[in-house]
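All values below come from the heavy atoms of this structure, side chains included, with hydrogens, waters and symmetry mates left out.
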Amino acid sequence: MSKQTLTTATGSPVADDDNSISVGERGSLTFDNHYTFEKLAHFNRERIPERVVHARGTGAYGQFTVSRSLTDYTIASFLQEVGQSTEVFVRFSTVGGGQDSSDYARDPRGFAIKFYTDQGNYDMVGNNTPVFFLRDAIKFPDFIHSQKKNPRTNLPDPAAMFEFWANHPQSLHQMTILMSDRGIPASYRHMHGFSSHTFSFWNSKGERVWFKWHFKSNQGIQTLTNEQAAVTSPIGAQQDLVEAIDAGDYPSWTAKVQMMTEAEAKTYAINPFDLTKVWPHADFPLIEVGQLELNRNVENYFAETEQACFAPSNLVPGIGASPDKMLQGRLLAYQDAHRYRVGANANQLPVNAAKCPVNHYQRDGAMAGMCPAHGAAAVQTSRVNYYPNDQINDGAPVPDPAVAEPPMPVLESAWVARHGLADDEDHYTQAGDLFRLMNDSQKDQLTTTIAGGLIHASESAQQRMLAQFAKADSDYAARIVSAMESMR
């Protein structure tokens, strides 16, 4: 293969990449060192703002293949035919730490999938747990602040974590999962993924059902204990995924959904849009719909994995949101985060760009480009940039009423207000049910881990937390008390 000439960013050949222009061998540099200046200036700008959450992650490309047609439930084009295949990009991540944190922190794991469908990109932005700590987005900033480092010492602050949980019993279910033996996945290949949120399918008749995604690891579940995590390479999960795919050991997940009719949602015993609760499988069984496989690593981590932008608002015809309050907040927050972190035109980057025609009237902004991505039509051109206009007969884009989502139901007695001020929800039954499913070893791991953090909290926070554990199961609280006493 012939050698390629080194060039500047604008394509001019470079004569020397080892020496700047100077006044004599030992003299100062001159101001016409434009190539040196280009290198230094670009280097200063090599990093974009770190994600506030999900900063440390790794990603890969693959395929989603349909094993059961969902045409009766949704018009989503990529879910219509058995054997139908859609390219995906998947990013896994820890949540609380920065880019330099460990892959093996006791932390939820992000599980985000970008489906490059023929009707636009669909993002499933979930976690490795079926529930979350909160059910209302207004509390998310406070929650993350409590889980991050102390603002004065910049050190981990378990007292703040447990104080937040003590004040928010709705967190008990997810906290039980986090502190259990599943709190530290051994690798990204050996964990499940969930949409956690409730979404909606709607079909050609305008009929809606609510649904949740479940991606079950075909590699099985593997986890680490606290002791194992402490002596494991902090880059181990990322290394494991890259090396497995490079070796042709492609990880895969079986995609399943739970579905609930609108009529069932109105009368079901729990709020189907409460992110802190699961839908019991006995009432809403898992239905297999496809296979997800990852089979290609990225070529450039920064350009692809770091600049990848996922948002639950990236929906396609046939898939909609739900009244889930946490989801409703994320519909705004994720796109806003990407515009700040990557830029207004982040969706023009190859990893984010749709692989179907893109036609809109958005113009300009930083990094605006005319180059088509993946063969799609160029967007930011000299064509008309407003709607309606008189050029629709010449190809200017127009809305398509055929893909309108059916009206979202609203309770007739609903009032616009801040609801939920009186917290009379049952936060304890599902956490207790999960505890009772565990064997003695799992219960000991769970309660010892909790005790190790709770012991640092204030006496008031300890008592409030112990009261929550007791409401879930008396043995749950008793084991934590015993573990704390042994640590004193």
Side-chain angles (χ1 to χ4, degrees), residues 64 66 68-81 84 86 88 112-126 135 137 194-214 255 257-266 268 271-275 279 284 287 289-290 309-336 338 347 352 354-362 387-388 392 397-412 414 416:
F64 175 81
V66 175
R68 172 176 174 161
S69 170
L70 290 176
T71 188
D72 289 341
Y73 302 100
T74 177
I75 65 169
S77 61
F78 73 104
L79 297 173
Q80 298 302 299
E81 298 179 7
Q84 191 175 357
T86 300
V88 299
I113 310 171
K114 187 179 294 293
F115 297 81
Y116 300 101
T117 88
D118 60 0
Q119 284 195 305
N121 290 351
Y122 167 57
D123 291 353
M124 197 294 295
V125 192
R135 60 173 181 262
F194 304 87
S195 65
S196 306
H197 292 292
T198 299
F199 290 88
S200 60
F201 284 141
W202 43 277
N203 63 20
S204 59
K205 300 176 183 178
E207 300 167 332
R208 175 186 281 107
V209 295
W210 307 113
F211 81 96
K212 290 176 177 284
W213 282 109
H214 297 248
V257 295
Q258 286 178 289
M259 290 190 284
M260 179 188 298
T261 67
E262 289 185 310
E264 289 171 323
K266 291 179 180 179
Y268 194 62
N271 178 359
F273 312 116
D274 183 344
L275 184 57
W279 295 358
F284 305 99
I287 302 168
V289 298
C309 296
F310 298 87
S313 55
N314 287 342
L315 301 166
V316 293
I319 301 180
S322 80
D324 179 334
K325 294 181 181 180
M326 193 71 185
L327 172 60
Q328 293 285 317
R330 293 178 77 202
L331 296 178
L332 163 71
Y334 274 62
Q335 294 284 21
D336 188 53
H338 301 322
N347 288 326
N352 300 320
K355 299 192 176 184
C356 63
V358 176
N359 301 295
H360 56 63
Y361 295 102
Q362 298 170 13
Y387 180 85
I392 57 174
V398 296
D400 181 3
V403 298
E405 183 174 355
M408 185 74 71
V410 177
L411 294 176
E412 294 179 2
V416 176

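Between Glu262 and Trp210, some side-chain heavy-atom pair lies under the 4.5 Å cut-off. Proximity of Ser195 to Phe211: side-chain heavy atoms (C-beta onward) are nowhere separated by under 4.5 Å. Counting heavy atoms from C-beta outward, Ser196 and Met326 have side chains that stay 4.5 Å or more apart. Counting only heavy atoms from C-beta outward, the side chains of Phe78 and Val316 approach each other to under 4.5 Å. Residues Phe199 and Asp324 fail the side-chain proximity criterion, which asks for heavy atoms closer than 4.5 Å. Within the 4.5 Å cutoff, the side chain of Ile319 has heavy atoms near those of the Phe201 side chain. The shortest side-chain heavy-atom distance between Leu79 and Phe64 falls under the 4.5 Å cut-off. Side-chain contact check for Asn314 versus Gln335: some heavy-atom pair is nearer than 4.5 Å.
In this structure, Met259 and Ile287 approach most closely via the heavy-atom pair CE-CD1, 3.7 Å. Taking each heavy atom of Ile75 and Gln80 in turn, the nearest pair found is C-NE2, 3.6 Å. In terms of heavy atoms, Val398 sits closest to Ile392 at CG1-CG2, 3.3 Å. When all heavy atoms of Ala137 and Gly329 are compared, the pair lying nearest together is CB-CA, 3.7 Å. Of all non-hydrogen atoms in Pro397 and His360, the two that sit nearest each other are CG-N, 4.4 Å. When every heavy atom of Ala76 is checked against every heavy atom of Thr74, the shortest pair comes out as N-OG1, 2.9 Å.
In this view, Tyr73 satisfies the ring pair (Phe, Tyr, Trp, His ring centres under 6.0 Å) rule with no residue, not counting sequence neighbours. Applying the side chain to side chain contact (heavy atoms under 4.5 Å, CB included) criterion to Asn347, with sequence neighbours excluded, gives Asn352.
At least one test fails for Lys325 against the ring of Phe273: distance under 6.0 Å to the centre or angle within 45° of the axis.
The CG atom of Asp123 sits 3.5 Å away from the NZ atom of Lys114 when rounded to the nearest 0.5 Å. Here the straight-line distance linking atom OH of Tyr122 with atom OG1 of Thr117 works out to 10.5 Å at 0.5 Å rounding. Rounded to the nearest 0.5 angstrom, Ser322 OG and Lys212 NZ are separated by 8.0 Å. Between the NE2 atom in His197 and the CH2 atom in Trp213 there is a gap of 15.5 Å [rounded to 0.5 Å]. Distance CZ/Phe310 to CZ/Arg330: 12.0 Å, rounded to 0.5 Å. The OG1 atom of Thr261 lies 12.0 Å from the OH atom of Tyr268; values are rounded to the nearest 0.5 Å.
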Full working for side-chain contact (heavy atoms from CB on, under 4.5 Å) between Tyr116 and Asn121:
CA-CA 5 Å; Tyr116 300 101; Asn121 290 351; 3.5 Å; yes
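Applying the ring-ring contact (aromatic ring centres under 6.0 Å, His included) test between His214 and each of Phe194, Trp279, Phe284 identifies Phe194 as the sole match.
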